[in-house]
Amino acid sequence: PRLRIESVLALEKREVVMVPDLVFRNTTFRYAGGFAYPRILAALVEDDERCAQVARDVLDAARSGHACLVVSDRKAHCDRLYQLLDGQVGVAVLYGSVGKRAIRGIVDAASVRARKVQEGLAPEKKARKAVGDEIFLGDHPLLVVADPASLAVLRLSVEDHRDEKTWAKLLAPLGKQEIFASDLGKGMTAAVEAREWPHQADVFHALKLLSESVRVEERRCYQAITEEYAWERRLRKLQEAGEDSRGVATNHALAKKKVQRALERFGEIEGLVRPMRQAIELCDDVGRWIAPDERERRITLAMDRLDQLGLARRRRVAGYWRNPKLLTFAREIQRHLDAILVPAGPFDRRDLINAAVGVWALTQGHLRGPGALTAELRAFAAARAYPDFFPSLRSQVAAILDDALRASSAIETLNSLWRVYQQVKKTFSTDFAYLVAFAHNTHEFTEGPRRGHTPFELLGVDVGTEDWLSLVV
């Protein structure tokens, strides 16, 4: 492999290494007994004011949401700090002499308590929209259900199977869901349908399957071009040498035709893919809302032609794109849009809705420049004829679109929680998975739109304390 040199800051940004911040704290400790290191350490342990200051710093950090690791090479020092912190914050003591079995026992006990606390809080009762998927940890799938808005883990279980019965058991505590997003795995699909929840097929998987098929055609184009270039080089060499090149010229002409056919086929496929992509977006590329029936019509026409070209005959592609669950989100949005009350007047209701969608698309960065706005919005702007109720309408439409659920991507985000531990743990238990999930649910996001809030806080779950460790240790 090539040697790649990176700076420490670059490695820190990619979270490969952690660079510590050294903060010096002045204390009142003084020692006048000469330079005898063992005696200095003993005096440090016995200094009440210094130990109290360390304990205060740890408490302040823990109450700010940090997990603190206090290190000392004296057991007496650790015991002293433990006595000062016990009862005020969750704390555990590990000595260097503690074996792996004892450490495993501490972690196992914390895992059991974390699961009990999470199940007692019942966050799944707060969710009205949910996503589900399985994450493979070794040979066993970890079934996960999460709230996409807050990224809170609601339910999980390490299982041997992912059939309907297993998923039904995991979904049983959830209340009525407005919509549930997942891939189209047979077990999960059957469990969701049994609950009679609106089921949204993950659009990410639809795009992935389609992109994979398109890349196959792209590789065919490159292969044809490579063959044509090889024949061209042979032809040129023969012509320069004055040798007979009729057979090579024939093959070169055939290769050129093959390239032309491949490029035409790929160009047509790309043209068919565009309306399919737009059919599963929240709006088209000019910021106009597309009705569910029109979305379905575009997908059907494109899939029929792709089927004639042989692309849609791949069972997984056809099964996903022809599944009506792929447009559940569009039908749900349409239902909410139809419920918006628009006063009677000279403006067409559809034009008003499309104008509001156009404003939303522009503010979300889906459009580039005023030229991409909907025709309805441009007409309103040119005539300076915005109705007085348009700001209210715009807010209602934006709330509906912001709340749309089209994919189970939240599970992929949460996947990183357990992947880190999978590198050092050979096996996973459901209890340990809950310990990791509970730590995530009670920690503040440090960046992004959820910054400064914990998943449980966004979901409306009150843990009762800012010190999550005190609940599990």
Residues Arg162, Glu134; criterion salt bridge (charged side-chain N to carboxylate O under 4.0 Å, His left out); working and verdict: CA-CA 8 Å; Arg162 44 193 177 127; Glu134 59 273 340; 3.3 Å; yes
Determine, step by step, whether Lys325 and Glu193 satisfy the salt bridge (charged side-chain N to carboxylate O under 4.0 Å, His left out) criterion, reporting the C-alpha distance in whole Å, the side-chain angles of both residues, the deciding distance to 0.1 Å, and the verdict. CA-CA 11 Å; Lys325 296 183 179 67; Glu193 289 179 349; 2.7 Å; yes
Before accepting this row, confirm whether a basic side-chain N of the pair Arg288/Asp284 lies closer than 4.0 Å to the acidic partner's carboxylate O. yes
Can you give me the closest heavy-atom contact between Ala62 and Cys68, atom names plus distance? N-SG, 4.0 Å
Please table the atom pairs, donor to acceptor, closer than 3.5 Å between any side-chain atom in residues 456-464 and protein atoms at least two apart or in another chain.
from: Glu457; atom 1: OE1; to: Thr454; atom 2: N; distance (Å): 3.4
from: Glu457; atom 1: OE2; to: His453; atom 2: ND1; distance (Å): 3.0
from: Asp462; atom 1: OD1; to: Gly464; atom 2: N; distance (Å): 3.0

Decide yes or no for Leu151 and Asn441: does some side-chain heavy atom of the first lie under 4.5 Å from some side-chain heavy atom of the second? no
Can you confirm whether Val357 sits close enough to Leu401 that some side-chain heavy atom of one is under 4.5 Å from a side-chain heavy atom of the other? yes
Could you check Lys208 against Tyr320 for side-chain contact (heavy atoms from CB on, under 4.5 Å), going step by step and ending with a plain yes or no? CA-CA 11 Å; Lys208 181 181 178 182; Tyr320 225 105; over 6 Å; no
With sequence neighbours left out, what residues match His440 under side chain to side chain donor-acceptor pair (under 3.5 Å)? none
Any side-chain heavy-atom pair of Val145 and Leu170 under 4.5 Å: yes
Is any side-chain heavy atom of Asp307 closer than 4.5 Å to one of Arg322? yes
Is it the case that Asp338 and Gln334 place a side-chain donor and acceptor less than 3.5 Å from each other? yes
Ring pair (Phe, Tyr, Trp, His ring centres under 6.0 Å) partners for Trp321, two or more places apart: none
What are the two closest non-hydrogen atoms of Ala361 and Cys283, and how far apart are they? CB-SG, 3.8 Å
Looking at Asp57, is its backbone amide N or carbonyl O close enough to the side chain of Arg25 to form a donor-acceptor pair, meaning the two atoms are under 3.5 Å apart? no
Hey, does Arg274 have a side-chain heavy atom less than 4.5 Å from the side chain of Asp285? yes
Give the intermediate values and the outcome of side-chain contact (heavy atoms from CB on, under 4.5 Å) for residues Val89 and Ser470. CA-CA 5 Å; Val89 67; Ser470 64; 5.7 Å; no
CG/Asp402 to OG/Ser395 distance, rounded to the nearest 0.5 angstrom? 10.5 Å
If a pair satisfies side-chain hydrogen bond (donor to acceptor under 3.5 Å, both in side chains) and one of its residues is in residues 166-176, list it, with sequence neighbours excluded. Asp163-Thr166
Which ring-ring contact (aromatic ring centres under 6.0 Å, His included) pairs, counting each pair once, include a residue from residues 194-220, with sequence neighbours left out? Phe180-Trp197
Honestly, is Arg450 close enough over Phe445, meaning NZ or CZ under 6.0 Å from the six-membered ring centre and within 45° of the axis? yes
Ring pair (Phe, Tyr, Trp, His ring centres under 6.0 Å) partners of His443, counting only residues at least two apart: Trp468
Tell me, please, which residues at least two apart from Tyr434 pass ring pair (Phe, Tyr, Trp, His ring centres under 6.0 Å). none
Closest contact, heavy atoms only, Cys51 versus Leu84: O-CD1, 3.6 Å
Assign the ring pair Tyr31 / Phe29 to parallel, tilted or perpendicular, where the plane angle (0 to 90°) is split at 30° and 60°. parallel
Show, in sequence, the C-alpha distance, side-chain angles and deciding distance for Phe432 and Tyr421, and conclude whether the ring-ring contact (aromatic ring centres under 6.0 Å, His included) test is met. CA-CA 10 Å; Phe432 182 78; Tyr421 297 97; 5.6 Å; yes
Taking side chain as C-beta onward, heavy atoms only, is Gln200 less than 4.5 Å from Ser408? no
With sequence neighbours excluded, residues passing salt bridge (Lys or Arg N to Asp or Glu O under 4.0 Å) with Glu227: Lys258
On a heavy-atom basis, which atom in Met188 and which in Gly132 lie closest, and how many Å separate them? SD-O, 3.6 Å
Under the rule for side chain to side chain donor-acceptor pair (under 3.5 Å), what residues qualify as partners of Gln177, not counting sequence neighbours? none
Can you list the steps and then say if Met276 with Leu306 is a side-chain contact (heavy atoms from CB on, under 4.5 Å)? CA-CA 11 Å; Met276 293 174 67; Leu306 288 175; 3.6 Å; yes
Please report the interatomic distance OG1(Thr446) to CD(Glu444), rounded to the nearest 0.5 Å. 9.5 Å
Which pair of heavy atoms, one from Ala146 and one from Pro148, lies closest together, and at what distance? O-CD, 3.7 Å
Whether over 12 other heavy atoms sit under 6.0 Å from Gln53 CD: yes
Can we say Asp403 and Arg128 salt-bridge, meaning some charged N sits less than 4.0 Å from an Asp/Glu carboxylate O? yes
Can you confirm whether Glu159 sits close enough to His140 that some side-chain heavy atom of one is under 4.5 Å from a side-chain heavy atom of the other? no
Do you know the tightest heavy-atom contact between Leu405 and Phe329? O-CB, 3.4 Å
Once side chain to side chain donor-acceptor pair (under 3.5 Å) is applied, do any residues pair with Arg277, and if so which ones, sequence neighbours excluded? Ser211
Can you tell me how far the CD1 atom of Ile411 sits from the CG atom of Leu143, to the nearest 0.5 Å? 10.0 Å
Any residue meeting side chain to side chain donor-acceptor pair (under 3.5 Å) with Arg195, in chain and number order, not counting sequence neighbours: none
Calculate, to the nearest 0.5 Å, the distance between atoms CZ and CZ belonging to Arg295 and Arg298 respectively. 8.5 Å
Answer yes when Lys129 and Asp147 have at least one side-chain N-carboxylate O distance shorter than 4.0 Å, and no when they do not. no
d(Glu218 CD, Ile269 CD1) to nearest 0.5 Å is 11.0 Å
Would you please name every residue forming a salt bridge (Lys or Arg N to Asp or Glu O under 4.0 Å) with Glu119, sequence neighbours left out? Arg115
How long is the gap from CD on Glu412 to CG on Asp202, to the nearest 0.5 Å? 8.0 Å
Indicate yes or no: does Asp431 engage Arg113 in a salt bridge with an N to O separation below 4.0 Å. no
Charged N to carboxylate O below 4.0 Å: is that the case for Glu332 and Arg335? yes
Beyond-backbone contact of Asp47 with Val45, side-chain heavy atoms, under 4.5 angstrom: no
Got a donor-acceptor contact below 3.5 angstrom from the Trp418 side chain to the Ala433 backbone? yes
So Leu272 and Met303, side-chain contact (heavy atoms from CB on, under 4.5 Å) or not? Walk me through it. CA-CA 8 Å; Leu272 293 169; Met303 285 296 295; over 6 Å; no
